[in-house]
Amino acid sequence: MTFEDLKLKRQFLDAVEALGYRLPTPIQSQAIPRILSGKDLIGVAQTGTGKTAAFGLPLLDHLDTEWGHVQALVLAPTRELGQQIAEQLEKFAKHKKGLRTVAVYGGANIATQIAQLKKPCHVVIATPGRLIDLAKRKAVKLDRIRHLVLDEADEMLNMGFKEELDEILSFTPEDKCTWLFSATMPREIRRMVGQYMTDPLEVKVNQSATVNKNIEHR
Ligand code: AMP
């Protein structure tokens with residue numbers, strides 16, 4: 001299967017080509033068509049499998065830059081992962097004019113993040129604790145979110161973000177799409193899936209599907 005077969009728009013095909021991706025990874029082949037169709041998905045996959053592009057490319061395809069409000073929220077456990085996701089999304093959106101993403105996380109100046117969120121922005125990438133803080137200060141509005149990504153969901157629970165996740169999900173509309181990625185599926189994640197997701201398709205990839213970062217493909 002090629003990226004063309006996955007029915008991504010030309011601008012994203014050009015972006016992945018510029019990044020040197022030749023063929024979709026297993027999680028990308030399985031997740032991209034499902035996410036493009038606007039249905040819920042669980043991706044049992046760890047870092048290194050290409051999961052960021054698996055949700056990032058079809059997520060960007062859904063966004064309408066004519067609307068200046070936050071349409072997508074990506075939650076990640078750590079500041080480092082949040083920054084990596086933001087960097088990758090910007091590369092994938094190289095040809096999507098006017099798209100603006102903002103990454104917010106703890107341990108950084110909140111006033112700067114509030115100022116960033118005042119300008120029109122389409123995707124917010126956040127760690128749960130900082131997002132709650134910003135929502136309580138009314139610096140970010142989550143009531144018009146259409147797409148939600150929970151990345152490394154098991155790690156967010158391991159870091160003690162269970163209550164924060166429930167609170168954030170309560171701020172978002174019910175009729176959104178939810179795409180959850182997790183390396184493992186403990187009982188608490190199954191509970192969240194049952195509570196917040198609608199008829200999700202579950203796709204699994206194993207460690208051997210990891211893209212080795214030290215190999216250059218020619
Ligand atoms: P991730 O699992 O999203 O952290 O991605 C792991 C690494 O694989 C990142 O450096 C990506 O840029 C790279 N990558 C993602 N998809 C592909 C692909 N289809 N072909 C080659 N490299 C990829």
Side-chain angles (χ1 to χ4, degrees), residues 1-25 27-41 43 45 47 49-76 79-105 112-113 115-127 131 134 139-152 172-173 175-181 211 217:
M1 191 175 275
T2 63
F3 279 108
E4 278 85 354
D5 296 331
L6 298 176
K7 308 260 184 296
L8 285 165
K9 289 198 186 91
R10 183 78 248 164
Q11 55 182 296
F12 301 113
L13 298 177
D14 291 343
V16 293
E17 200 184 317
L19 286 169
Y21 300 0
R22 301 287 300 277
L23 290 172
T25 64
I27 189 75
Q28 291 164 2
S29 310
Q30 295 178 79
I32 291 174
R34 176 77 180 182
I35 295 184
L36 281 176
S37 76
K39 294 190 180 134
D40 286 4
L41 171 111
T47 297
T49 52
K51 66 183 167 62
T52 316
F55 68 75
L57 292 165
L59 169 70
L60 293 168
D61 199 298
H62 278 291
L63 303 180
D64 184 347
T65 50
E66 301 272 296
W67 295 354
H69 61 81
V70 182
Q71 295 162 44
L73 172 65
V74 181
L75 288 174
R79 159 194 184 131
E80 290 73 21
L81 182 62
Q83 286 172 324
Q84 273 175 38
I85 296 169
E87 276 168 29
Q88 291 223 52
L89 291 188
E90 277 175 22
K91 289 182 186 159
F92 302 149
K94 194 170 132 196
H95 306 294
K96 191 165 171 106
K97 267 204 201 142
L99 184 99
R100 198 160 165 270
T101 57
V102 173
V104 293
Y105 35 78
T112 310
Q113 294 176 354
Q116 287 176 327
L117 289 166
K118 281 205 170 122
K119 295 188 203 143
C121 133
H122 310 99
V123 189
V124 169
I125 302 135
T127 51
L131 186 71
L134 288 162
V140 61
K141 285 187 75 187
L142 303 175
D143 56 347
R144 292 167 85 184
I145 296 284
R146 307 291 309 148
H147 315 283
L148 171 69
V149 179
L150 299 166
D151 196 14
E152 298 198 355
T172 62
D175 64 340
K176 63 183 179 301
C177 302
T178 303
W179 304 311
L180 179 146
F181 290 81
V211 177
H217 298 271

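Each residue takes its place number in the sequence, starting with 1. On a predicted model such as this, the values are computed, not experimentally measured, just so you know.
- To the nearest 0.5 Å, atoms CD1 (Ile32) and CG (Leu59) are separated by 11.5 Å.
- In plain terms, the two heavy atoms of Val124 and Cys121 that are nearest each other are CG2-SG, 3.8 Å.
- One distance of note links OG1 of Thr52 with CZ of Phe92; it measures 6.5 Å at 0.5 Å rounding.
- In this structure a side-chain-to-backbone donor-acceptor pair under 3.5 Å is missing from Gln28 to Ala53.
- Side-chain N or O atoms of Thr65 include none that pairs as donor or acceptor with a backbone N or O of Leu99 at under 3.5 Å.
- In this structure, CZ on Phe55 lies 11.0 Å from CG on Leu180, to the nearest 0.5 angstrom.
- In this structure His122 satisfies the ring-ring contact (aromatic ring centres under 6.0 Å, His included) test with no other residue, sequence neighbours excluded.
- Between Leu41 and Ala31 the shortest heavy-atom distance is CD2-CB, 3.8 Å.
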Apply side-chain contact (heavy atoms from CB on, under 4.5 Å) to Val102 and Gln113, showing your working.
CA-CA 8 Å; Val102 173; Gln113 294 176 354; 5.9 Å; no

Working for side-chain contact (heavy atoms from CB on, under 4.5 Å), residues Arg146 and His69
CA-CA 11 Å; Arg146 307 291 309 148; His69 61 81; 5.6 Å; no

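- A donor-acceptor distance shorter than 3.5 angstrom exists from the side chain of Arg34 to the backbone of Asp40, with no hydrogens or angles considered.
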Hey, can you pull the donor-acceptor pairs under 3.5 Å for the side chains in residues 10-21, sequence neighbours left out?
from, atom 1, to, atom 2, distance (Å)
Arg10, NE, Asp14, OD1, 3.2
Arg10, NH2, Asp14, OD1, 3.2
Gln11, OE1, Lys96, N, 3.4
Tyr21, OH, Gln88, OE1, 3.4

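- Separating the CD atom in Glu87 from the CD atom in Glu90 is a distance of 8.0 Å, to the nearest 0.5 Å.
- With rounding to the nearest 0.5 Å, the separation of CG in Leu23 from OG1 in Thr2 is 7.5 Å.
- Residues His62 and Ile35 share a closest heavy-atom pair of NE2-O, 2.7 Å.
- Remark: Asp143 engages Lys141 in a side-chain contact (heavy atoms from CB on, under 4.5 Å) (not counting sequence neighbours).
- Residues Ala103 and Gly82 approach most closely at CB-O, 4.5 Å, considering heavy atoms.
- Between the CG atom of Asp151 and the CH2 atom of Trp179 there is a distance of 13.0 Å, given to the nearest 0.5 Å.
- Considering Ile125, Val149, Val123, Leu131 as possible partners of Leu73, the one that fulfils the side-chain contact (heavy atoms from CB on, under 4.5 Å) test is Leu131.
- Side chain of Arg79 to main chain of Tyr105: no donor-acceptor pair is present (N/O by atom type, distance under 3.5 Å, no hydrogens or angles).
- When atom types are taken as modelled, the side chain of Gln71 and the backbone of His147 share no donor-acceptor pair closer than 3.5 angstrom.
- In this structure, Leu63 and Ala72 approach most closely via the heavy-atom pair CD2-CB, 4.1 Å.
- Here the closest non-hydrogen pair linking Leu81 and Ala76 is CD2-CB, 3.9 Å.
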